[in-house]
*Asks:* 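Handing you a structure now.
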Amino acid sequence: MFAILRKKTNATASNLPPRLITPMAAALLIFAAAMAALPWLVIKADSPPDLSAVAAVVIDQASGKVLYEKNMNEEHYPASTTKILTCLLALDNLELDSKITLPDYYVNVGETSIGLQAGAKQTVEELLMATMLWSANDAAQALAIGAAGTEEAFVEKMNQRVAAMGLQHTHFANPHGLHNEAHYTSAYDLAMIARAAMDNPEFRRIVTTESFVIHKLNGEDNYTVHNRNTLLTQYEFADGIKTGYTKQAGNCIVASATQNGMQLIVVLLNSANIFDESQELLEWGFANSQRSLLVDANMVKASVKVLNGGRSEVEVLTEKALYSVMREDETSNVQEVLDLPDSIPAPIHRGEVIGSATYTDESGYTYSTNLLAAKDIGRYNLRLVVRQSFQSVWQVFVVPFS
């Protein structure tokens, strides 16, 4: 906020000595007066950046929590950001070192391409790198054929996956993103697809790769593909994911960055400057959100009664640490719910899942972890009674003197 400071004085206008106003001083006074008269120039540090993008969203990767949105459920063309799901499904259905041979009927869809021809035989990893780094449409076609037999069957898998994820504003018509009236998504749906993909370690490795050599493309010379996502070199915390462009979709990006253990995903659809705007939005997200520990790993949360066991109860521990990401205007009002049985029969094995702990913040977002048995507990029998009695005697009478 701009402000003009006034210094108190006891002097009056009649006894002040005459003073010349220099041109520089006059200009400063005019500038200060102009600033005071223009309240719309006041900028708040927590205001999100102005975006040219027609739709946008920022989410926390760990929870899927929305930290910022602009028309996030509007349906738009995604262009090559489509390939995020293509890559994820290929990783789910194919081995990296296996080879895909394109059938005789194969026709290269063109546009951005590595020039694949009918009969070409390339590894899945090579095709994944070409798809995600170079945005090669023919490589995406090849992955679809390898994973499902035909492109049409693969597109069915794509739509089945988004339906299973509960995404309501997405329908795919091809594996590459070239324009089709029936091929659309929303900023929110695309962020959720990217979130699922970033859970896959191989996917994360691929989208941060700078360049990759495809060996003997079409059985001939090697071909090197380079990552076209320049945000990776522009922004030090960036770690993905995919750009896209068609005339109908405009410039699009799904971007990811990680800072101090917090990973954010940004989606911009039809933006005039995808790299600068995505960086500004990521920086805003990191500056105006905080990551708080809800519960640490291996923390005792409760005890559960054991039936027919060598012990009467077993402690349960959290499987993993949970962190919430909250905007600065939110309070840390979080509810904990433990889902545990009243009792559990022996035998029980250490690390066995007994229940779960769920934490819900004031925005309704949930964070969950399994609750695991802290130790082994065998069934109650004579051998167990004798062994425990011997251990007790040993601890009382032998250990103190050893």
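What's counted below: heavy atoms across the whole structure, side chains too, no hydrogens, waters or symmetry copies.
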*Asks:* For atom CG of Asp199, decide whether the heavy atoms of other residues, nucleotides or ligands shown that lie under 6.0 angstrom number more than 12.
*Replies:*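 Yes, enclosed.
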*Asks:* Under 4.5 Å between any side-chain heavy atoms of Leu371 and Val353, yes or no?
*Replies:* no
*Asks:* Where is the tightest heavy-atom contact between Ile377 and Gly309, given as atom of each residue plus distance?
*Replies:* CG2-CA, 4.2 Å
*Asks:* Do Thr360 and Thr366 pair up side chain to side chain, a donor and an acceptor below 3.5 Å, judged on atom types alone?
*Replies:* no
*Asks:* Would you find a donor on one side and an acceptor on the other, under 3.5 Å apart, between the side chain of Glu126 and the backbone of His215?
*Replies:*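 Here the side-chain-to-backbone pair exists.
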*Asks:* Find the distance between CD1 (Ile84) and CG (Leu88) and round it off to the nearest 0.5 Å.
*Replies:*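 One gets 9.5 Å once the value is rounded to the nearest 0.5 Å.
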*Asks:* Measuring only between side-chain heavy atoms, which start at C-beta, is Ile100 closer than 4.5 Å to Val124?
*Replies:* yes
*Asks:* Any chance you could measure Glu277, atom CD, to Ser52, atom OG, to the nearest 0.5 Å?
*Replies:* 3.5 Å
*Asks:* Output every pair passing salt bridge (Lys or Arg N to Asp or Glu O under 4.0 Å) with a member in residues 203-212, not counting sequence neighbours, ordered by first then second residue.
*Replies:*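 The answer is Glu125-Arg205, Glu202-Arg205.
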*Asks:* Taking everything shown except Glu111 itself, do over 12 heavy atoms lie less than 6.0 Å from its CD?
*Replies:*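 Incorrect, the count does not exceed 12.
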*Asks:* For Ala346 and Val306, which heavy atoms make the closest approach, and how far apart are they?
*Replies:* CB-CG1, 4.1 Å
*Asks:* Does the side chain of Gln122 come within less than 4.5 Å of Leu217's, by heavy atoms?
*Replies:* yes
*Asks:* Side chains of residues 128-145: which donor-acceptor partners sit under 3.5 Å, not counting sequence neighbours?
*Replies:*
unit_1	atom_1	unit_2	atom_2	d
Thr131	OG1	Leu127	O	2.7
Thr131	OG1	Ala140	N	3.3
Ser135	OG	Ser80	OG	3.1
Ser135	OG	Lys83	NZ	3.2
Ser135	OG	Lys242	NZ	2.9
Asn137	OD1	Lys83	NZ	2.8
Asn137	ND2	Gly110	O	3.2
Asn137	ND2	Thr112	O	3.4
Asp138	OD1	Ile114	N	3.2
Asp138	OD2	Asn108	ND2	3.0
Asp138	OD2	Ser113	OG	2.7
Asp138	OD2	Ile114	N	3.1
Asp138	OD2	Gly115	N	2.9
Asp138	OD2	Leu116	N	2.8
Gln141	OE1	Tyr106	OH	2.9
Gln141	OE1	Val109	N	3.0
Gln141	NE2	Val107	O	3.3
Gln141	NE2	Glu151	OE2	3.0

*Asks:* Indicate yes or no for a side-chain donor-acceptor contact from Asn71 to the backbone of Val54 under 3.5 Å, with no hydrogens or angles considered.
*Replies:* yes
*Asks:* Please identify each residue that fulfils side chain to side chain contact (heavy atoms under 4.5 Å, CB included) with Thr224, with sequence neighbours left out.
*Replies:*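 For Thr224, the residues satisfying side chain to side chain contact (heavy atoms under 4.5 Å, CB included) (neighbours in sequence not counted) are Ser211, Val213, His226.
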*Asks:* Could I get the full list of side chain to side chain contact (heavy atoms under 4.5 Å, CB included) partners for Ala238, not counting sequence neighbours?
*Replies:* Leu231, Leu232, Tyr235
*Asks:* Between CG of Leu269 and OH of Tyr184, what distance do you get to the nearest 0.5 Å?
*Replies:* 14.5 Å
*Asks:* Below 4.5 Å, heavy atoms only, C-beta onward: do Tyr188 and Met192 meet side chain to side chain?
*Replies:* yes
*Asks:* Determine which pairs satisfy ring pair (Phe, Tyr, Trp, His ring centres under 6.0 Å) with at least one residue from residues 72-103, sequence neighbours left out, and list them in order.
*Replies:* Tyr77-His179
*Asks:* Treating Thr369 as the side-chain partner and Ala357 as the backbone partner, does any N or O pair qualify as donor plus acceptor under 3.5 Å?
*Replies:* no
*Asks:* Could you state the interatomic distance from CD (Gln263) to CZ (Phe286), rounded to the nearest 0.5 Å?
*Replies:* 8.0 Å
*Asks:* Taking only residues two or more places apart in sequence, or in another chain, which ones meet Pro49 in a side chain to side chain contact (heavy atoms under 4.5 Å, CB included)?
*Replies:*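 With sequence neighbours excluded, Pro49 shows a side chain to side chain contact (heavy atoms under 4.5 Å, CB included) to Leu51, Glu280, Leu281, Trp284, given in chain and number order.
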*Asks:* Do the side chain of His169 and the main chain of Glu75 share a donor and acceptor less than 3.5 angstrom apart?
*Replies:* no
*Asks:* So do the side chains of Thr86 and Met158 get within less than 4.5 Å of each other, counting heavy atoms only?
*Replies:* yes
*Asks:* Partners of His183 by ring pair (Phe, Tyr, Trp, His ring centres under 6.0 Å), sequence neighbours excluded?
*Replies:* Phe172
*Asks:* Can you run down the side chain to side chain donor-acceptor pair (under 3.5 Å) pairs that involve residues 345-355, sequence neighbours left out, and say none if there aren't any?
*Replies:*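 Listed by first then second residue: nothing to list.
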*Asks:* Hey, is the main chain of Thr209 close enough, under 3.5 Å, to the side chain of Asn227 for a donor-acceptor pair?
*Replies:* yes
*Asks:* Do any pairs count as a ring pair (Phe, Tyr, Trp, His ring centres under 6.0 Å) and have a residue in residues 358-377, sequence neighbours left out, and if so which ones?
*Replies:* none
*Asks:* Could you walk me through whether Ile253 and Val266 pass the side-chain contact (heavy atoms from CB on, under 4.5 Å) check?
*Replies:* CA-CA 8 Å; Ile253 191 170; Val266 162; 5.5 Å; no
*Asks:* On a heavy-atom basis, which atom in Ala249 and which in Ala79 lie closest, and how many Å separate them?
*Replies:* CB-CB, 3.9 Å
*Asks:* Between Lys65 and Val325, is there a donor-acceptor pair closer than 3.5 Å when you use the side chain of the first and the backbone of the second?
*Replies:*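 Indeed, once roles are kept as given, a pair shorter than 3.5 Å links the two residues.
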*Asks:* Checking Glu315 now: which residues fulfil side chain to side chain contact (heavy atoms under 4.5 Å, CB included) with it, not counting sequence neighbours?
*Replies:* Val300, Ser303, Ala374
*Asks:* Can you see which heavy atom on Thr82 is nearest to which on Gly177, and at what distance?
*Replies:*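 Closest approach of Thr82 to Gly177, heavy atoms only: OG1-CA, 3.5 Å.
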*Asks:* Are side-chain heavy atoms of Ile354 and Pro341 found at a separation under 4.5 Å?
*Replies:* yes
*Asks:* Under 3.5 Å, side chain of Thr243 to main-chain N/O of Asn229, donor-acceptor pair present?
*Replies:* no
*Asks:* May I ask you to check whether over 12 heavy atoms, not counting those of Glu362, lie within 6.0 Å of atom CD?
*Replies:* yes
*Asks:* Do Lys157 and Asn93 pass the side-chain contact (heavy atoms from CB on, under 4.5 Å) test, and can you show the C-alpha distance, the side-chain angles, and the key distance before you say yes or no?
*Replies:* CA-CA 11 Å; Lys157 285 180 175 288; Asn93 290 276; 4.1 Å; yes
*Asks:* If we only count heavy atoms from C-beta on, is the Asn222 to Lys216 side-chain gap below 4.5 Å?
*Replies:* yes
*Asks:* Return yes if some donor-acceptor pair links the side-chain N/O of Asn370 with the main-chain N/O of Glu319 below 3.5 Å, else return no.
*Replies:* no
*Asks:* Has the side chain of Asp60 got a donor or acceptor atom that lies under 3.5 Å from a matching backbone atom of Leu264?
*Replies:* no
*Asks:* How long is the span from the CE atom in Met198 to the OG atom in Ser256, to the nearest 0.5 Å?
*Replies:* 3.5 Å
*Asks:* Is there a donor-acceptor contact under 3.5 Å linking the side chains of Asn73 and Ser186?
*Replies:*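 Not at all, the side chains of Asn73 and Ser186 share no donor-acceptor pair under 3.5 Å.
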*Asks:* Filter on salt bridge (Lys or Arg N to Asp or Glu O under 4.0 Å), then keep only pairs touching residues 331-345, sequence neighbours left out; what's left?
*Replies:* Lys301-Glu336
*Asks:* According to ring pair (Phe, Tyr, Trp, His ring centres under 6.0 Å), who are the partners of Phe154, at least two apart in sequence or on a separate chain?
*Replies:* none
*Asks:* Answer whether the closest heavy-atom distance between the side chains of Asp276 and Gln234 falls below 4.5 Å.
*Replies:*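 Counting from C-beta outward, Asp276 and Gln234 do come under 4.5 Å.
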*Asks:* Is the side chain of Gln290 donor-acceptor paired with the backbone N or O of Met326 at a distance under 3.5 Å, no angle test?
*Replies:*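 No.
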*Asks:* Working note: Asp361 + Ser324, criterion side chain to side chain donor-acceptor pair (under 3.5 Å); need CA distance, chi angles, decisive distance, verdict.
*Replies:* CA-CA 8 Å; Asp361 66 22; Ser324 68; 6.0 Å; no
